[in-house]
Trainee: 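Have a look at this one.
Note that ligands are numbered from 1 as they come in the structure, with each ligand's atoms numbered from 1 the same way.
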Amino acid sequence: MIELKGIEKIYNRGNEKVHALRGIDLGIGRGEFMSVVGPSGSGKTTLLHLLGCLDTPTGGTLTIDGIEVVNMRESELVRIRRSKIGFVFQHFYLIPGLSVYENVKLPLLFGRTEKKIDEIVSLIDLVGLKSRLHHTPNQLSGGEMQRVAIARALVNNPEFILADEPTGNLDTENSEKIFELLDSLHKRGIALVLVTHNSELAARAERIIRLKDGRLQGSD
Ligand SMILES: Nc1ncnc2c1ncn2[C@@H]1O[C@H](COP(=O)(O)OP(=O)(O)OP(=O)(O)O)[C@@H](O)[C@H]1O
Ligand SMILES: [Mg+2]
């Protein structure tokens, strides 16, 4: 469970202050599937970064499973991020020289979690790429690369998957498949926050929130 109260985010850009979020109140329940829509620059990515402890707000309170994270040290944030949250991005961010298997396993290098070969392979099987274990990213399609990124996001057994435009680089057919894969994770009990410009996909979430100029426009 993530709870935000009066969340503000101001970026400093030279002498200029950019007010990216202006008082967000929001709760995301266990296992919930929520989509986030809004114009470019409305604060969607900023919100996702705060939810995922990749950045800290400049005002307000943010609790994850009852723990206040706003004033935490970076080392503690890293621990929360690793144990509870998986990220999926528009540009996949796979490591070019590593195989599918090695890319999925990568996050385990930085934490204490151990996983057996079988467990990694079964995650890759879950995203439909068991026959591609030893391929490198340049041998995969965009949709397949995103599947690898999703398997990698799952490797630490997260409670939340935060996805920023995961279908932004994909055609309609692959977008649909990636959406279905994410939805299947939600059905397994993982909470999902999906930022997307695709209003049809957004409408299929349990809840949509709309951002405009850093404010919530209401949800349905
Ligand atoms: N690191 C940063 N430094 C300064 N300003 C930033 C930074 N990141 C974002 N901003 C600004 O904050 C505002 C919100 O940006 P954000 O990336 O959250 O929007 P977005 O809704 O994700 O947009 P898009 O749909 O284009 O991805 C924008 O005005 C942006 O220029
Ligand atoms: Mg964005």
Trainee: Which residue holds the protein heavy atom closest to atom 26 (O) of ligand 1, what is that atom called, and what is the gap in Å?
Mentor: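 Atom 26 (O) of ligand 1 sits closest to the protein heavy atom Ser40 OG, 2.5 Å.
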Trainee: Could you tell me which atoms of ligand 1, counted from 1 in the order shown, lie closer than 4.0 angstrom to a heavy atom of Pro39?
Mentor: 21 (O)
Trainee: Test your reading of the model: is there a side-chain donor-acceptor pair from Gln139 to the backbone of Thr136, 3.5 Å cut-off?
Mentor: yes
Trainee: I'd like to know if the side chain of Gln146 and the backbone of Gly143 have a donor-acceptor N/O pair within less than 3.5 Å.
Mentor: no
Trainee: Salt bridge (Lys or Arg N to Asp or Glu O under 4.0 Å) for Glu68 and Lys5? Distances and angles first, verdict last.
Mentor: CA-CA 11 Å; Glu68 172 62 63; Lys5 288 209 177 92; over 6 Å; no
Trainee: Do Asn198 and Thr196 have a side chain donor and acceptor closer than 3.5 Å?
Mentor: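 Per modelled atom types, Asn198 and Thr196 side chains form no pair under 3.5 Å.
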Trainee: Mind checking whether the Mg ion (ligand 2) has an N, O or S of Ser40 under 2.8 Å?
Mentor: no
Trainee: Would Lys9 count as a contact residue for ligand 1, given that I'm defining contact as a non-hydrogen atom of the residue lying under 4.0 Å from a ligand atom?
Mentor: no
Trainee: Nearest to atom 25 (O) of ligand 1, what protein heavy atom do you find, and at what distance?
Mentor: Lys44 NZ, 2.6 Å
Trainee: Would you say Gly38 touches ligand 1, if touching means a heavy atom closer than 4.0 Å?
Mentor: no
Trainee: Counting only nitrogen or oxygen atoms and a 3.5 angstrom limit, does Arg13 reach ligand 1?
Mentor: yes
Trainee: Got an N/O contact under 3.5 Å between Gly41 and ligand 1?
Mentor: yes
Trainee: Look at atom 6 (C) of ligand 1 and say which protein heavy atom is nearest, naming residue and atom and giving the distance to 0.1 Å.
Mentor: Tyr11 CD1, 3.2 Å
Trainee: By number and element, which atoms of ligand 1 are closer than 4.0 Å to a non-hydrogen atom of His197?
Mentor: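 Heavy-atom distances to His197 below 4.0 Å select 25 (O).
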Trainee: Could you tell me if the side chain of Leu94 sits less than 4.5 Å from the side chain of Arg152, heavy atoms only?
Mentor: yes
Trainee: Can you report which non-hydrogen protein atom sits closest to atom 15 (O) of ligand 1, along with the distance?
Mentor: Thr46 OG1, 3.8 Å
Trainee: Does the side chain of Pro57 come within less than 4.5 Å of Leu21's, by heavy atoms?
Mentor: no
Trainee: Distance to 0.1 Å, residue and atom name: give those for the protein heavy atom nearest to atom 17 (O) of ligand 1.
Mentor: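 That would be Thr45 CB, 3.7 Å.
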Trainee: Please state whether Gly214 comes within less than 4.0 angstrom of ligand 1, counting heavy atoms only.
Mentor: no
Trainee: Can you check whether Lys9 reaches Leu50 side chain to side chain, under 4.5 Å on heavy atoms?
Mentor: yes
Trainee: Would you call Asp65 and Lys84 a salt bridge, using N to O less than 4.0 angstrom?
Mentor: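 So Asp65 pairs with Lys84 through a salt bridge.
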Trainee: Geometry only, no angles: is Gly43 polar-contacting ligand 1 at N/O separations under 3.5 Å?
Mentor: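 By distance alone, the answer is yes.
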Trainee: Quick test: of every protein heavy atom, which one is nearest to atom 29 (O) of ligand 1, and how far off is it to 0.1 Å?
Mentor: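 Minimum-distance protein heavy atom for atom 29 (O) of ligand 1 reads Val18 CG1, 3.7 Å.
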Trainee: Could you check whether Asp171 pairs with Lys177 (Lys NZ or Arg NE/NH1/NH2 to Asp/Glu carboxylate O, under 4.0 Å)?
Mentor: no
Trainee: Parallel under 30°, tilted from 30 to 60°, perpendicular over 60°: which one fits the rings of Phe87 and Phe89?
Mentor: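 The rings of Phe87 and Phe89 lie parallel, inter-plane angle below 30°.
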